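Small disclaimer: the values here were computed from a predicted structure and weren't measured. Whatever order the structure lists them in is the order used to number ligands and atoms, beginning at 1. Atoms considered below: every heavy atom in the structure, side chains included; atoms not considered: hydrogens, waters and symmetry mates. For the single chain, residues carry numbers from 1 onward in sequence order.
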Amino acid sequence: MADTSEQLTRAILELREEEVLQLVRQRLAAGEAPLEIIAALRQGVAEVGQKFEKGEYFLTELIMAGKIFKEAMVDLEPALERSRQQSQALGTVVIGTVKGDLHDIGKNIVIIMLRSAGFLVHDLGIDVPPQTFVNKVREVNADLLGLSGLLTVSFNPMKETVAAMHAAGLRERCRIMIGGGPTDERVRAYTGADYVGQDAGQAVRLAKAALGVA
Ligand code: B12
């Protein structure tokens, strides 16, 4: 599958929408794991991001890459759901993209994976203020809060959300995991979150570990 992975990565990098959708459908029909297909697409949009940074691509290309990825997810989501294992709700998760940040493709994949693993997930969407997270965690008695952010300016809203959880007295009973492009262990320490995850698979492993259901 290495060749078709490269082909798919290249097709999304060069914004060839029809080819991307066709390759995704072909690979699904051939029985390939949806997560592997997503990895190839992700590599392509990461390269789109690099071109944007170098000034070789502009915002239009960034928007187009996001649009193609979302369209590919229309075929990939049911396949991810089908790979779901039958299980009881392992725990309740509230998740959203933090205030000021509108990126949601990665968060939506994390949600599909968490649901597929058996978690009950409440998605608050994008540009979510700290207090909205706090209110939802309280309302549904969440075990875990997930904060997604793709921008470096998202670190502060993450930190503010963790602080708001403290202030609301919810910090002890609800673990917090962050994730998205630039987040790493240093960002985790800065924000005061408990965990940081690099991809959807790790999000599931961390969620299970946090809730002691691994
Ligand atoms: C598509 C895209 C957009 C689309 C978003 C569409 C959408 N609905 O999401 C649009 C065009 C709207 C956009 C806008 C902007 N973008 Co943009 N965008 C991207 C791009 C190319 C791809 C992101 C993506 O979807 N990746 C695919 C998904 C599957 O991967 P992922 O997001 O990393 O998610 C995975 C993991 O991170 C993890 N994960 C994600 N969330 C969480 C949460 C938890 C709890 C856990 C555990 C894990 C986890 O799991 C996911 C699945 O495996 C990136 C480039 C890149 N390198 O990421 C730039 C990028 C993120 N954008 C960037 C910028 C600068 C912008 C703009 C400011 C541009 C502008 N000048 O207006 C605006 C910001 C708007 C805003 N306020 O948010 C920069 C950010 C730089 C920075 N460090 O701050 C990047 C890195 C591009 C670049 N290299 O310059 N963008």
Side-chain angles (χ1 to χ4, degrees), residues 8-9 12-15 20 24 33-74 76-77 80 93-117 119 121-128 133 142-158 161-162 174-185 187-188 191 193-210:
L8 187 52
T9 300
I12 193 163
L13 171 63
E14 292 171 2
L15 308 169
V20 169
V24 166
L35 272 185
E36 283 184 26
I37 304 174
I38 289 172
L41 290 170
R42 218 182 139 199
Q43 175 62 32
V45 290
E47 290 177 27
V48 168
Q50 286 158 15
K51 279 190 177 285
F52 176 72
E53 255 175 10
K54 287 191 232 155
E56 291 171 15
Y57 270 2
F58 300 100
L59 195 54
T60 332
E61 279 90 1
L62 214 57
I63 293 171
M64 190 62 194
K67 178 176 167 279
I68 298 175
F69 204 127
K70 281 203 154 178
E71 274 171 26
M73 284 308 296
V74 172
L76 286 159
E77 275 183 27
L80 275 176
V93 183
V94 167
I95 191 166
T97 302
V98 296
K99 188 158 178 51
D101 195 327
L102 308 178
H103 295 85
D104 67 353
I105 297 173
K107 168 187 70 67
N108 293 342
I109 296 173
V110 169
I111 290 171
I112 296 166
M113 292 296 290
L114 286 171
R115 285 186 177 144
S116 300
F119 290 92
V121 183
H122 297 268
D123 177 17
L124 295 180
I126 53 175
D127 193 17
V128 183
F133 281 115
D143 304 294
L144 184 66
L145 172 62
L147 304 177
S148 182
L150 272 271
L151 303 171
T152 38
V153 291
S154 298
F155 302 162
N156 280 330
M158 285 178 173
T161 306
V162 175
C174 180
R175 304 290 88 196
I176 302 178
M177 103 179 145
I178 62 167
T183 55
D184 59 14
E185 177 51 32
V187 179
R188 186 208 61 74
T191 58
D194 299 299
Y195 309 97
V196 58
Q198 298 308 318
D199 57 36
Q202 202 183 1
V204 171
R205 288 192 294 280
L206 289 172
K208 286 184 173 173

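The closest protein non-hydrogen atom to atom 38 (C) of ligand 1 is Gln198 O, 3.6 Å. Regarding atom 70 (C) of ligand 1, its nearest protein heavy-atom neighbour is Leu59 CD1, 3.8 Å. Among protein heavy atoms, the minimum distance from atom 1 (C) of ligand 1 is reached at Gly66 CA, 3.7 Å. Atom 46 (C) of ligand 1 has Gly179 CA, 3.5 Å as its closest protein atom, hydrogens excluded (heavy atom only). The protein heavy-atom contact nearest to atom 8 (N) of ligand 1 is Asp104 OD1, 2.7 Å. Looking at atom 84 (O) of ligand 1, its nearest protein heavy atom turns out to be Thr152 N, 3.0 Å.
The shell of residues lying under 4.0 angstrom from ligand 1, judged by heavy atoms, excludes Lys67. Under a 4.0 Å heavy-atom criterion, Gly181 is in contact with ligand 1. Not a single heavy atom of Pro182 sits less than 4.0 Å from an atom of ligand 1. At least one heavy atom of Lys70 sits closer than 4.0 Å to an atom of ligand 1.
Between Glu47 and Lys51 there is no salt bridge, since no side-chain N of the basic residue sits under 4.0 Å from a carboxylate O of the acidic one.
The one candidate from Val121, Leu124, Leu147, Asp123 that meets the side-chain contact (heavy atoms from CB on, under 4.5 Å) condition with Val94 is Leu124.
Nearest heavy atom pair, residue Ala207 against residue Phe119, reads CB-CZ, 3.7 Å. Between Ala200 and Ile109, the closest heavy-atom pair is CB-CG2, 3.9 Å. In terms of heavy-atom proximity, Val98 sits nearest to Met158 at CG1-CG, 3.8 Å.
Of the listed residues (Val196, Ile105, Ile63), the one carrying the non-hydrogen atom nearest atom 25 (O) of ligand 1 is Ile105. In the candidate list Glu53, Gln50, His103, Met64, His103 is nearest to atom 18 (N) of ligand 1, counting heavy atoms. Here the shortest heavy-atom distance to atom 81 (C) of ligand 1, taken over Thr183, Leu147, Leu151, belongs to Leu151. Nearest to atom 37 (O) of ligand 1 by heavy atom, out of Gly180, Gly49, Gly106, is Gly180.
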Output, in order, the C-alpha distance, side-chain angles, deciding distance and verdict of side-chain contact (heavy atoms from CB on, under 4.5 Å) for Leu144 and Leu114.
-> CA-CA 11 Å; Leu144 184 66; Leu114 286 171; 5.6 Å; no
side-chain contact (heavy atoms from CB on, under 4.5 Å) between Met64 and Ile68, intermediate numbers included = CA-CA 6 Å; Met64 190 62 194; Ile68 298 175; 4.1 Å; yes
Could you give me the CA-CA distance, side-chain angles and deciding distance for Leu41 and Met73, then say whether side-chain contact (heavy atoms from CB on, under 4.5 Å) is met?
-> CA-CA 10 Å; Leu41 290 170; Met73 284 308 296; 5.6 Å; no
Given Val24 and Leu8, is the side-chain contact (heavy atoms from CB on, under 4.5 Å) satisfied, shown in steps?
-> CA-CA 8 Å; Val24 166; Leu8 187 52; 4.1 Å; yes
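The shortest N/O to N/O separation between Phe52 and ligand 1 does not fall below 3.5 Å. Below 3.5 Å of separation, one finds an N or O of Gly100 facing an N or O of ligand 1. Looking at ligand 1, you'll find an N or O of Arg42 within less than 3.5 Å of one of its N or O atoms.
The closest side-chain heavy-atom distance from Thr97 to Val128 is not below 4.5 Å. In this structure, Val187 and Val196 have side chains that are not in contact, with every pair of non-hydrogen atoms separated by 4.5 Å or more. The shortest distance between side-chain heavy atoms of Ile12 and Val48 does not fall below 4.5 Å. Annotation: side chain of Lys70 is not in contact with side chain of Val74 (no heavy-atom distance under 4.5 Å).
Protein heavy atoms are absent from the 4.0 Å sphere centred on atom 86 (C) of ligand 1. Of the protein's heavy atoms, none falls inside 4.0 Å of atom 67 (C) of ligand 1. Protein non-hydrogen atoms do not reach within 4.0 Å of atom 54 (C) of ligand 1. Contact annotation for atom 10 (C) of ligand 1: protein absent (non-hydrogen atoms, distance under 4.0 Å).
Taking every heavy atom of Asp101 and a limit of under 4.0 angstrom, the matching atoms of ligand 1 come to 78 (O). Residue-ligand proximity, Leu150 to ligand 1, at heavy-atom distances under 4.0 Å covers atoms 32 (O), 58 (O), 61 (C), 80 (C). Taking every non-hydrogen atom of Ile109 and a distance limit under 4.0 Å, the qualifying atoms of ligand 1 come out as 29 (C). Atoms of ligand 1 found under 4.0 Å from any heavy atom of Ser148, numbered from 1 in the order shown, are 40 (C), 41 (N), 42 (C), 43 (C). Taking every non-hydrogen atom of Asp199 and a distance limit under 4.0 Å, the qualifying atoms of ligand 1 come out as 38 (C), 50 (O), 53 (O). Taking every heavy atom of Ala46 and a limit of under 4.0 angstrom, the matching atoms of ligand 1 come to 57 (N).
For the atom pair CZ of Arg188 and OG1 of Thr183, the computed distance is 11.5 Å after rounding to the nearest 0.5 Å. Note that CD1 of Ile63 and CZ of Phe52 are 9.0 Å apart. Values are rounded to the nearest 0.5 Å. To the nearest 0.5 Å, atoms CD1 (Ile112) and CD1 (Ile38) are separated by 6.5 Å. In this structure, the separation between CG on Asp101 and OG on Ser148 is 7.0 Å, given to the nearest 0.5 Å. Atom CE of Met113 is separated from atom CG of Asn108 by 13.5 Å, given to the nearest 0.5 angstrom.
Using a 4.0 Å cut-off between heavy atoms, Ile38 makes no contact with ligand 1 at all. Of all the heavy atoms of Tyr195, none lies under 4.0 Å from any atom of ligand 1, so neither backbone nor side chain is involved. Contacts with ligand 1 closer than 4.0 Å are made by heavy atoms of both the backbone and the side chain of Leu102. Both the backbone and the side chain of Val45 come within 4.0 Å of ligand 1, counting heavy atoms alone.
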